Amino acid sequence: MSSHLSSQASLKAFFGFAQLLLYADPTWLDRIFLCVGFFASIAAGTPFPLVGIVFGELVDELNAATCDVDNAANTASGSQSSINEKILLLVYLAIASLALVYIHVMCWSLLSQRLAQRIRVCYLKSLLRQDIAFFDNFQAGEVSSRLNGDIQAIETGTSEKVGQFLTCVSFCTTAYIIAFIKDARLAGMLVSLIPAFLFMNVIGGHYVQKYTSQMSNHFSSASAIASEGLSHVGLVHALGASVRLEEKFEGHLTEARREGIRKALAVAVQAGLLYFIAFSANALAYWQGSKRVANTVELENGGATIGDTYTVIFILVDGAIVLSQVAPLLPLFGSAFVAFERLKKDIDHQPIIDSTSEVGQKPINVAGTVEFRNVSFTYPSRPEHSVLNKISFRCEAGELTAIVGLSGSGKSTIAGLMTRFYDPQSGTISLDGYDLPCLNVHFLRGLMSLVPQEPSLLDRSIFENIALGLVSSPSHSHLERMLLSGVLSRIAKEAREGEDIPKLAQKEGPEALEIVRLVQTATDLADASNFIERLEYGLATLVGSSGSLISGGQKQRIALARALVRDPKILILDEATAALDSASELRIQAAIDQASKGRTVIAIAHRLSTIKAASKIIVMRTGEIIESGTHEELVALDGAYADMVRLQSVKSSDHENIFGAVVAKEQTVDYEKSANRTEEPRESANMAQNDESASRQGSVIKTMFPLIRPYLLVLFVAFFAALIVGWTYPASGLIFGNTMDSLSPCNTPDSIRDKGLLFGGLWFMLACSEFLANFTSWSSFGFISERLIYKVRILSFRSLLHQPLQWHESEGRSPSGLLGYITNDGNALAGFSGSIVGTFFSVVINFLVAIILSHIVAWRIAVVCLVTVPILLGAGFMQLRATARFIERHAGAFSSAIGVTVEAISNIRTVAALSLEDEILQTYRRSLRAPKKKMIAESLKRNIWIAIAISFGNVLYAFAYWWGSKNIIEGWYSQTQFFIILFAMLVSAQLWGQFFTLAPEIARAASAISRIVNLLNTDSENPEMGSGQSSPNLEEEDVVEKRDIEALANAPTLPLSQQGAARVEFRNVSFSYPARPNNQVLKSLSLSIQPGQFCALVGPSGAGKSTVLALLERFYKPSSGSIIVNGFNINSRSGTNFRDDIAYVPQVNVLFQGSIKFNLSLGARPGHTPTDDEIVEACKLANIHDTIVSLPHGYDTECGAQGSQLSGGQRQRLSIARALVRKPQLLLLDESTSALDAESEKALEIGLDKAVKGRDVTVIAIAHRLRTIARADVIFVVEDGRVVDQGSHEELVQKSEGYRINALHQMLG
């Protein structure tokens, strides 16, 4: 039954592999490459068996020359002349072989590279058309794994190795045809080789594919964890969570390693059996062949000549050896098929909501009336938890409709349903009477602009990010060609070099100029012009991965500009001004009011002051609408909305003070952190390239040796087994030479039979040795390889997490690029697996032994043949060098292309909302344009060397036969000596040529090792580790290695204090981000916070407030001044253990893939696993416990990729709970309540009071909401990098004009 299933799987794999070669819409050129490559590969396998016929005739002539003593002189001259003619024929065949090999190698090489590029595009295209539900449990890290690992596996498995495999098959097929012509009976006996080989391949291939697939799935999960950790490395440092993330990463890698070792065993059995079958066939051939020769000699007219029998034996034996060289290729083909199956599954997945489909109505006139009728909805990933319950409401065209309510009540879900991220389970949603599913998705999203709760930007310039809003706008369709062309990227690049954007746009034409004008208008409307003008590169400034290089307020304003630039019919604002100060919000509100005229606006808000003017306010709770009306009507109703209003109002005494104040000037200091963080232009820089420096061999050995040290015994066994494999080929040459001598007609028939039996037995003994040696070598090297790759990936991940935030943000590094160390470089090492190391070692040993043996046996022949060795080695070296250079030259392009993809999937909601699918695809294609252009030229040059290496055996054959026959005829050596040398050197040449088909894998692995060693050495040079806590052991036996790695992490540091709250003091602190040392963010900032105080930092968006918290966490070090915590200057300390007493809630609430419980446990102090009671207590204080308990799986509920399964407010409260789990002495809150409704904020306020007052904690909070900061003990007003005022709320209302304006704007009653 198992065998039947395996054969079915094997047939499926065969046809699947054939489908792979013509997958993803091949062009006529690809079909030509395939056809020419196929027939050239088949043709390249035929010359050598034909040579066997010539050799048979040469043997007859040599026998005639050596056996006929009476006519020796006449025979010698005649034989030499006849031999020379045949050798000339060999030379012609060698030239034909060279041409054929070159053609097929080039065709397959180009076909594989073009196929890989087509599948890359096809895979990305398929991902971009999937609906949002598909991505709820699909992470960006998996994309990197697929594009790095799987596509590379496909390229490797469909390259010139396929041609080499077909050549081997053609060789064996031709050999059998000739054998049947020459001696059908003997050939018939040797046909048994084929079913044995097929049976081995079917069964072995089944298990290899099975384990490869399972290993890849586990590794994809590990890549996803690494991707999340690297995308939020600052938070990982603040939480000290690197150890816990490593443990989770290590767990998935352990599973992958286990499957990898099983795969190595399956491959080892397959390889051992392949060699066993091949050499056993040799034993049978020599035994039966000797009987045939003896009969021929005995009968003298028995039909077949000695030469005919020799031809059959020789070509079938050599065919068996050639067939054995398929062994290293089989795992590569298996891996390619498994990778293709996995990619094809994603590519063939049909989305329910296809954003790229042309199906659906496109009404000409759209007014913008949106209506929900009895809409119920649950998220596909959590079907048991209802989010909306039969809600009905109507948003009138041209009016502002506001939606308010508790966090998690379903407000953002409404925005997702309007943009058709999802479809409701029941009920209907209509636009101007058209049901949304009836409308074309692309058209529908083109009518809308969504500003999400947590806006994300792509890693491009501000100019490009805003212009992306125009891509699918119906009213700007005439600009689409320009938007997709890459011209805007070029304009931004040249602008960073000093050119003026409008002038550059003018050169590109009126369309580009129109885009610039639209972008500038949008920045004015979104109150973004002020801060953009202050940046060195203005609109051309790069914003970093997901907008990481700019502040939250800036990001929100750019996202708003992107939404307004398309002049949408419907504007959806989901907490669009949550991260802004009141003055900025007031101006934007006025701009939105202005821009809202004539369009439908749906605003989701918690700041009620922003939606007072709405024509309708909808109040929601737990997925239901509980109230609806205008502001005045709802206040008069005195229900839930009126309660919210009261919660957001300040004291009446303040009310009077505020209204007595002078109306403020509208002035905001927008000296943003991005002005100083913006890096030098990257232009799709490849971080791995930037980090790469010439790594000396000594450094590689020094770094890698400790990793291999625990396995030295296994390594010794592996090399010893490979040594035996290398020895068996010269040994078979010895047996071959003596066998051919024993088959000479000069001997008696009985002697021929006896020696045939003896040497047949020796061949079978060699077959058994080959099985054991190959199995031991392949399994041992495979075991070491899997263990080494496991360690390298963990150490790479650990090293990346330990690098300071400053390192991550410099030299154009990006999370997707850094992930390449684990996916790309790790896969390159895996590709250069143990089997290839073993093969290489055995080939080298065989080469050396063959040369030595040849000199011992017949030095005159060997010395002359030796001149061919430099050509063989030189061709191999040049192939390696050319491959390595191509990979190195274009690594940046491939890395940036994968970066584009990973970023698109990370921000898939933004891509979907703006309908950027085509734009992302064009950007991806442009990033691969450079290597695509060079591909053919590089292949033409590079593959000449591999053709020489592969086909050189024929030239060596001809040369050896000419010189050898000359020496035999002249009486210098016997046939036995000649055949020993011929076989030993010929097989060496063949093996060497075959081995160089693996040159790309060797080149990639060498490059990967160099990069990984540089990374690990960077780690060892860095005195400051990220988490301040040692990482988990890689393996229990690696005591020495563990101690070396962890030595740095255990640098002695002091805690903040033994007990009590923290005292914080900034003394004349100045700071500039390292990339922009001339632009200061903080300017001699001084402040003092007493233990146990609740301190608030307020001021314009981007004034330097978040920078204060970043410096307290020591993400960066100040340019001058000192930061004192409890009497210690934190910048003069070694290590980062002081972070253990600090809890940090960042502006962007990040949750990692995993359960709620796992995410909360990340907040605990390093080394401490929090109890369930501690977690529950923190959640109660953060007012999230009841929400968690109401979920079907409670604390075991999965958060989804980046917390996508939870609402913004729920994520924010979980972030606060995660901070409170630590029970810190210093609590840092950066806009920690911006996504909360008034009721949740009030409950959280009470919880924080309990946490702070009960435990004597110092709190530093950044907030724009007056309600949050009014109760602070001391408030610092920060503007332009300085503290311009300080005091309590009451004091500042009296004396600070800016503060009064802020309070005035937020007054509701």
Side-chain angles (χ1 to χ4, degrees), residues 6 145 149-150 153 200 203-223 249-274 327-328 330-335 337-339 342 704 707-722 725 771-797 822-823 825-841 1001 1005 1008 1032-1038 1041:
S6 297
S145 174
D150 291 354
M200 174 276 300
I203 302 295
H206 167 71
Y207 286 103
V208 170
Q209 286 171 27
K210 175 185 170 185
Y211 296 135
T212 302
S213 179
Q214 291 172 352
M215 179 176 73
S216 182
N217 288 336
H218 289 305
F219 178 60
S220 290
S221 300
S223 299
F249 179 74
E250 185 183 352
H252 289 296
L253 277 192
T254 302
E255 294 295 317
R257 182 186 65 184
R258 190 179 70 235
E259 298 302 330
I261 290 171
R262 286 177 178 173
K263 175 194 166 187
L265 284 171
V267 169
V269 171
Q270 200 177 14
L273 282 173
L274 193 147
L330 294 179
L332 301 178
F333 298 150
S335 297
F337 174 69
V338 170
R342 203 163 39 246
M704 301 306 282
L707 305 181
I708 303 170
R709 190 187 298 149
Y711 314 116
L712 287 179
L713 181 61
V714 183
L715 194 64
F716 174 76
V717 171
F719 275 118
F720 183 72
V725 174
F771 173 76
L772 291 171
N774 274 288
F775 173 75
T776 306
S777 170
W778 283 55
S779 58
S780 300
F781 274 120
F783 173 82
I784 294 167
S785 170
E786 290 301 327
R787 296 248 163 183
L788 182 63
I789 291 160
Y790 165 82
K791 287 185 176 186
V792 162
R793 280 174 169 156
I794 286 179
L795 287 175
S796 298
F797 185 47
I822 293 159
T823 54
D825 293 343
N827 284 324
L829 273 180
F832 182 62
S833 62
S835 58
I836 296 178
V837 176
T839 304
F840 175 70
F841 185 69
E1001 283 66 51
N1033 303 348
L1034 286 178
E1035 292 179 35
E1036 289 186 24
E1037 68 264 31
D1038 300 351
E1041 177 199 334

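Computed from a predicted structure; not experimentally measured.
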Within residues 252-271 or reaching into it, pairs that qualify as ring pair (Phe, Tyr, Trp, His ring centres under 6.0 Å) - sequence neighbours excluded: none
CZ on Phe797 to CD on Glu250, rounded to 0.5 Å: 11.0 Å
Identify each donor-acceptor pair in which a side-chain atom of residues 258-268 lies under 3.5 Å from a protein atom, sequence neighbours left out, and give them as a table.
| unit_1 | atom_1 | unit_2 | atom_2 | d |
| --- | --- | --- | --- | --- |
| Arg258 | NH1 | Glu255 | OE1 | 2.9 |
| Arg258 | NH1 | Glu255 | OE2 | 3.1 |
| Arg258 | NH2 | Glu255 | OE1 | 2.6 |
| Glu259 | OE2 | Arg262 | NH1 | 3.4 |

Non-neighbouring partners of Leu273 that pass side-chain contact (heavy atoms from CB on, under 4.5 Å), sequence neighbours left out: Met200, Val269, Phe771
From Ile789 atom CD1 to Ser796 atom OG, the distance as rounded to the nearest 0.5 Å: 11.5 Å
Criterion side-chain contact (heavy atoms from CB on, under 4.5 Å) on Arg342 and Val338, from CA distance to verdict: CA-CA 6 Å; Arg342 203 163 39 246; Val338 170; 3.4 Å; yes
Atom pair OG1 (Thr254) and NE2 (His218), whose distance is rounded to the nearest 0.5 Å: 10.5 Å
With Phe719 via ring-ring contact (aromatic ring centres under 6.0 Å, His included) - residues at least two apart: Phe781, Phe841
Heavy-atom side-chain contact between Thr212 and Ser216 under 4.5 Å: no
Residue list, side-chain contact (heavy atoms from CB on, under 4.5 Å) with Leu772, at least two apart or on another chain: none
Closest non-hydrogen atom pair between Ala153 and Ser335, with its separation: CB-O, 4.1 Å
Euclidean distance, Ile784 CD1 relative to Arg787 CZ, rounded to 0.5 Å: 10.5 Å
For Leu253, side-chain contact (heavy atoms from CB on, under 4.5 Å) partners two or more places apart: Phe219, Ala222, Phe249, Tyr790, Arg793, Ile794
Check: Phe775 main-chain N/O paired with Ser779 side-chain donor or acceptor under 3.5 Å: yes
Minimum heavy-atom distance Val725-Ala773, with the two atoms named: CG2-CB, 3.6 Å
